[in-house]
Amino acid sequence: MIRSVKGTRDILPPSSAIWNHVEEQARRVFRAYNYQEIRTPIFEETLVFARGVGEDTDIVTKEMYTFQDRDGASLTLRPECTASVIRAYIEHRLDQQPGLVKLYYMGPMFRRERPQKGRYRQFYQIGAEAIGSESPAVDAEVIELTAEILCAAGLANFELLLNSVGCPACRPQFTSALRDALQDVSKRLCSDCRRRAQTNPLRVLDCKVEADQPVIETLPSILDYLCEACRIHFLKVQEYLRDRAIPFQIRPRLVRGLDYYRRTTFEIVHGALGAQNAVAGGGRYDGLAETLGSKVPAPGIGFSIGEDRLVLALEETQSGGHAPAVDLFIAPLGEAAFRQVAPLARTLRRRGLVVELAPEARLKRALELAHKFGARYALIVGDEELAAGRYALRDMGSGQQRPVAPEELYESVKANVPHA
Ligand code: HAM
């Protein structure tokens, strides 16, 4: 048997209905916050991510699907979308548009991680980027937007973790203090951390190895090293979140696994997810555009929700409700009835009803099928009904049946189905 590749999945019904629900809600909320959709290619020149995400990150060193094209170019399946969005922003001179450029995306990303619950090699993100301002007001709105989408999707009880990772003016002092502190303790850390202590000490704070945590707890906190401008920025973000009654916890070790962050970083975690508990992550990336070759600065902040994890958390915390039920199951009992009701089925579908037209001509079997589909009503059309010009509308809940003229059918069904 040919199976899907390790770390990839088929998203099947009824789960796909939850995915649709999540995406519909996200689009609705994005619209309300005046974000517009961008669709970037699934693959880019490797440079976009190597430079954008950072040469020494786990993503770039270990997790990218990179291949050589036939002409020798090095291409990479996108491991995330922020670098792609900024590449597009520069390429299309979006800086010349008035005001903030507010873009959202949804789609697959690819990272060659070790698959486990909530961690896949092809996974899906719903994300957004607000580009063109350094103001902490934008940080607060972007964080609010992340939370609003999660709420609209139906997620409750998530926690917002917040930090500032400083800027090029203050981070070097912190990095050097960290390096000093690591000299004494790095031999008690995992082999990855011993390497990171040399190459990119900030990454040590991001280590997920359980045994390393007590040592990491003793390392210096970046919040003690923020410059005045970063400190004020961070305080303002907190103030604006409090104004909006958005609860948060400050986590000085939240540096996140991508190198482009400056100042604000945040993550949203949920208890139902187990080890891979981050349902969304984001932060500010002033300077990323310059790293990708832009002459003009493009300070920005954004987030990505892990859609797989959001759906997982919804499935674990909610009981059904998303499977789309059939409004009307039409059971024509024979060829003449079938030919009569087929155009009627199309008319009702055009008006927004969910209609199943059965290919089955036996009444008992058709009603069983109607039950399995969770149909609200069944319409039975046999020779008698055809002759009378009135069809039998059966309420599948009560089992009661009454004759209805074809032209009254839409109103009769619509009155009793939730969505129409
Ligand atoms: P990230 O933290 O790498 O950030 O990913 C964001 C979210 O994507 C994670 O919190 C998680 O829910 C989901 N995710 C990541 N890797 C996997 C995986 N292997 N399987 C399933 N879900 C996964 C970013 O990607 C940044 N681009 C976020 C951002 C946008 N920062 C600024 N703008």
Side-chain angles (χ1 to χ4, degrees), residues 6-9 11 19 22 35 38 40 44 48-49 52-54 57-60 62-65 77-89 101-131 138-139 141-143 145-146 149-150 153 155 158-161 163 165 203 206 208 254-270 272-289 298-314:
K6 188 176 173 191
T8 70
R9 312 184 288 158
I11 294 160
W19 287 73
V22 163
Y35 278 69
I38 181 170
T40 64
E44 299 267 356
V48 171
F49 307 113
V53 175
T57 56
D58 278 357
I59 294 179
V60 172
K62 303 196 261 193
E63 295 170 1
M64 293 207 303
Y65 283 97
L77 299 187
R78 61 182 191 193
E80 62 109 49
C81 209
T82 308
S84 307
V85 171
I86 298 300
R87 194 267 310 134
Y89 177 92
V101 174
K102 304 203 289 189
L103 300 168
Y104 78 86
Y105 50 83
M106 35 183 92
M109 311 290 156
F110 305 85
R111 296 183 195 174
R112 200 174 189 291
E113 297 191 81
R114 196 167 48 76
Q116 65 179 87
K117 181 185 165 192
R119 190 161 74 191
Y120 312 100
R121 291 180 170 176
Q122 173 170 338
F123 61 98
Y124 294 78
Q125 285 186 344
I126 297 176
E129 313 295 341
I131 311 163
V138 182
D139 302 39
E141 188 176 277
V142 163
I143 293 171
L145 171 59
T146 318
I149 293 175
L150 296 177
L155 194 69
F158 50 80
E159 289 173 72
L160 168 63
L161 313 180
N163 192 24
V165 294
R203 288 277 80 81
D206 205 36
K208 300 283 185 294
L254 184 73
V255 291
R256 313 228 331 107
L258 305 97
D259 274 353
Y260 49 60
Y261 290 117
R262 274 201 209 164
R263 295 191 168 162
T264 313
T265 55
F266 63 96
E267 239 165 52
I268 294 184
V269 295
H270 195 279
L273 286 171
Q276 302 302 318
N277 67 348
V279 69
R284 180 164 274 290
Y285 45 79
D286 308 349
L288 172 58
I301 176 162
F303 68 88
S304 307
I305 293 171
E307 194 176 355
D308 305 73
R309 293 186 193 173
L310 174 53
V311 170
L312 207 64
L314 291 173

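Numbering of ligands and ligand atoms starts at 1, following listing order.
Put simply, the side chain of Lys62 never gets that close to the backbone of Val60: no donor and acceptor are under 3.5 Å apart. A distance-only check finds a donor-acceptor pair linking the side chain of Arg309 to the backbone of Gly118 [under 3.5 Å]. A donor-acceptor contact shorter than 3.5 Å is absent between the side chain of Arg111 and the backbone of Glu63. Panel note: side chain Arg78, backbone Pro108; a donor-acceptor pair is recorded below 3.5 Å. Distance alone, capped at 3.5 Å, is enough to place a donor-acceptor pair between the Thr265 side chain and the Leu254 backbone.
For atom 12 (O) of ligand 1, the choice among Ala278, Gly127, Gly7, Gly52 with the nearest heavy atom turns out to be Ala278. When Arg111, Gln125, Gln276 are checked for heavy-atom proximity to atom 6 (C) of ligand 1, Gln125 turns out nearest.
A donor-acceptor contact closer than 3.5 angstrom links the side chains of Tyr260 and Thr82.
Shortest contact from atom 30 (C) of ligand 1 to any protein heavy atom: Thr82 OG1, 3.0 Å. Protein heavy atom nearest atom 28 (C) of ligand 1, with residue, atom name and distance: Ser304 OG, 3.2 Å. Ranking the protein heavy atoms by distance from atom 23 (C) of ligand 1 puts Phe123 CD1, 3.3 Å first. Closest to atom 20 (N) of ligand 1, if we only count protein heavy atoms, is Tyr120 N, 3.0 Å. Looking at atom 27 (N) of ligand 1, its nearest protein heavy atom turns out to be Glu80 OE1, 2.6 Å. Taking atom 32 (C) of ligand 1 as the reference point, the nearest protein heavy-atom neighbour is Gly302 O, 3.4 Å. Of the protein's heavy atoms, Gly306 CA, 3.6 Å lies nearest to atom 13 (C) of ligand 1. The closest protein non-hydrogen atom to atom 1 (P) of ligand 1 is Arg256 NH2, 3.6 Å.
Close contacts between ligand 1 and Tyr261 involve ligand atoms 26 (C), 28 (C), 29 (C), 31 (N), 32 (C) [criterion: under 4.0 Å to a heavy atom]. Listed by number with element, the atoms of ligand 1 under 4.0 Å from a non-hydrogen atom of Leu258 are 3 (O), 4 (O). Ligand 1 places these atoms under 4.0 Å from at least one heavy atom of Tyr285: 32 (C), 33 (N). Close contacts between ligand 1 and Glu129 involve ligand atoms 30 (C), 32 (C), 33 (N) [criterion: under 4.0 Å to a heavy atom]. Near Gly283, meaning under 4.0 Å from one of its heavy atoms, ligand 1 places the atoms 31 (N), 32 (C). In the vicinity of Glu113, heavy-atom distances shorter than 4.0 Å reach the ligand 1 atoms 16 (N), 17 (C), 18 (C), 19 (N).
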>> Go through it in stages, so that I can follow the logic: the residues are Tyr124 and Met106, the test is side-chain contact (heavy atoms from CB on, under 4.5 Å), and I'd like the CA-CA distance, side-chain angles, deciding distance and then a yes or no.
In response: CA-CA 7 Å; Tyr124 294 78; Met106 35 183 92; over 6 Å; no
>> Please evaluate residues Tyr89 and Ile38 with respect to the criterion side-chain contact (heavy atoms from CB on, under 4.5 Å), reporting the C-alpha separation (whole Å), side-chain torsions for both, the decisive distance (0.1 Å), and the verdict.
In response: CA-CA 10 Å; Tyr89 177 92; Ile38 181 170; over 6 Å; no
> side-chain contact (heavy atoms from CB on, under 4.5 Å) between Tyr65 and Arg121: does it pass, once the steps are laid out?
Replying inline: CA-CA 10 Å; Tyr65 283 97; Arg121 291 180 170 176; 3.3 Å; yes
> Would Asp308 and Arg9 count as a side-chain contact (heavy atoms from CB on, under 4.5 Å) if you check the C-alpha gap in whole Å, the side-chain angles of each, and the deciding distance to 0.1 Å?
Replying inline: CA-CA 10 Å; Asp308 305 73; Arg9 312 184 288 158; 2.6 Å; yes
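How far OG1 of Thr146 is from CD of Glu267: 12.0 Å, rounded to the nearest 0.5 Å. Separation of atoms CG (Leu77) and CD (Glu44) is listed at 11.0 Å; rounding is to 0.5 Å.
Considering backbone and side-chain atoms together, Tyr105 places no N or O closer than 3.5 Å to any N or O of ligand 1. Among the atoms of Tyr260, some N or O lies under 3.5 angstrom from an N or O of ligand 1.
In this structure, Tyr124 does not count as a contact residue of ligand 1, since none of its heavy atoms falls inside 4.0 Å of the ligand. Close to ligand 1: Ala280, with a non-hydrogen atom less than 4.0 angstrom away. Residue contact check for ligand 1: Met109 places no non-hydrogen atom closer than 4.0 Å to it. At least one heavy atom of Gly118 lies less than 4.0 angstrom from ligand 1.
Residue contacts with ligand 1 for Arg119 involve both N, CA, C or O and side-chain atoms from C-beta outward (heavy atoms, distance under 4.0 Å).
Nearest heavy-atom pair, Arg256 versus Tyr261, reported as atom, atom and distance to 0.1 Å: NH2-OH, 2.9 Å.
Crowding of Arg112 atom CZ: a count of heavy atoms from other residues, nucleotides or ligands under 6.0 Å not exceeding 12.
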